[in-house]
There are 2 protein chains.
Amino acid sequence: MTPQRKAVLQLFLDRRGEHLSAEDVYDVLRGEKSDIGIATIYRSLELLAELGLLQRVNFDDDRTRYEMYDPTEGGHQHHHLVCKKCGKIIEVSDDLLEPLEKEITKKTGFKIVDHQVKFIGYCKECQESGD
Amino acid sequence: MTPQRKAVLQLFLDRRGEHLSAEDVYDVLRGEKSDIGIATIYRSLELLAELGLLQRVNFDDDRTRYEMYDPTEGGHQHHHLVCKKCGKIIEVSDDLLEPLEKEITKKTGFKIVDHQVKFIGYCKECQESGD
DNA sequence: CTAGTTGCAAATGCTTTGCTTCTGC
DNA sequence: GCAGAAGCAAAGCATTTGCAACTAG
């Protein structure tokens, strides 16, 4: 564990619930500790994701984002609601996906170990402010 | 509708159920009609997706893939099971997601118009051939 | 004719890699 | 002291864009 890796991890701890890209991390750490390279960020993010501390997420903006892994959620993580109008990301907990997974395993014999679920639509605010 | 666009669409019609990247399309059409540029492929794919004829899909291999949109499935499409070992993609129809979406809308007021669902795990064959 | 499309090549933007220097243990 | 890590800059890829030539209607 080097100071650079600690700094990256600490940033995610400080900003639980945010979805940061490598560039985001770079910009913040740049300000604090002037000497960190973008390559190191990429390497740290990959390492932390492999260690299970970070979770990769993707919102179709052509860059990989990461968020803190939350062990209290158990094996299943939350889902993301992506607003088509304002781009806001809303998180919802995972209640009803379990039965769907059980059903799929029963039908196909496929053993599910992870999932990626994203719902696209319009958030409450954007619906109200003139669709 | 130009001959190039027709050719791209025809390829997807001929290969229902496959998930083709721009490069895939390019390689095939290259063989047939020698004169088609990769830029045209990208532009055609985007156009056909906007027209609702193709559906964007993504399997974390760092390239955008497309598949035929199937209107018989109604608004809801099928899900993809991605095998971690052999990379095979299995399709399953959407049975149980509707209640989850209804629940989310009730709880959050978010109006869902589309979703992206992917399950990662191990297919039957890979489980049997020594995990 | 004329707007819209194509092909090519150059440009873009995210991410990875090579390699030398540095550093934690 | 040494294996592993960091920094920098160059390389890699998928995708996009500028632009002149072309083509469908």
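To find a chain, count down the sequence lines: A is the first, B the second, and so on, and within it residues start at 1.
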As a test of reading the structure: which of dT6(C), dG7(D), dG24(C) is closest to the side chain of T40(A), going by heavy atoms? dG7(D)
In terms of side-chain heavy atoms of I36(A), which of dT6(C), dG7(D), dG24(C) is nearest? dG7(D)
Measure from [atom1] on [X] to [atom2] on [N] and round the result to the nearest Å.
X: L48(B); N: dT5(C); atom1: CG; atom2: P; value: 12 Å
X: K6(B); N: dT23(D); atom1: NZ; atom2: P; value: 15 Å
X: R30(A); N: dG7(D); atom1: CZ; atom2: P; value: 10 Å
X: D35(A); N: dC8(D); atom1: CG; atom2: P; value: 8 Å
X: R5(B); N: dG4(C); atom1: CZ; atom2: P; value: 11 Å
X: Q4(A); N: dC22(C); atom1: CD; atom2: P; value: 14 Å
X: Y26(B); N: dT15(D); atom1: OH; atom2: C1'; value: 14 Å
X: L45(A); N: dA5(D); atom1: CG; atom2: C1'; value: 15 Å

Can you tabulate the close N/O pairs, meaning under 3.5 Å, that link protein atoms to atoms of nucleotides 11-16 of chain C?
{"residue": "dC14(C)", "atom": "OP1", "partner": "R63(A)", "partner atom": "NH1", "Å": "3.4"}
{"residue": "dC14(C)", "atom": "OP1", "partner": "R63(A)", "partner atom": "NH2", "Å": "2.6"}
{"residue": "dT15(C)", "atom": "OP1", "partner": "T64(A)", "partner atom": "N", "Å": "2.7"}
{"residue": "dT15(C)", "atom": "OP1", "partner": "T64(A)", "partner atom": "OG1", "Å": "3.3"}
{"residue": "dT15(C)", "atom": "OP2", "partner": "Y42(A)", "partner atom": "OH", "Å": "2.6"}
{"residue": "dT15(C)", "atom": "O5'", "partner": "Y42(A)", "partner atom": "OH", "Å": "3.3"}

Taking H19(B) as the fixed residue, which of E67(B), R65(B), Q55(B) is the one that meets the side chain to side chain donor-acceptor pair (under 3.5 Å) rule? E67(B)
Any carboxylate oxygen within less than 4.0 angstrom of a Lys/Arg side-chain nitrogen, looking at R16(B) and D70(B)? no
Looking at E125(B), is its backbone amide N or carbonyl O close enough to the side chain of S129(B) to form a donor-acceptor pair, meaning the two atoms are under 3.5 Å apart? yes
Measuring from R43(A):CZ to T40(A):OG1, what's the distance to the nearest 0.5 Å? 5.5 Å
For R43(B), report the nucleic acid contact type (base, sugar-phosphate, nothing); a contact means any heavy atom under 4.0 Å. base
On the 0 to 90° scale, with breaks at 30° and 60°, tag the H79(A)-H115(A) ring pair as parallel, tilted or perpendicular. tilted
Evaluate the side-chain proximity of K118(A) to D60(A): yes if any heavy-atom separation is below 4.5 Å, no if none is. yes
Is the phosphate of dT6(C) approached by T2(B) (side-chain N or O, under 4.0 Å from OP1 or OP2)? yes
For T64(B), enumerate each residue passing the side-chain contact (heavy atoms from CB on, under 4.5 Å) test, keeping only those at least two apart in sequence or located in another chain. R56(B), Y66(B)
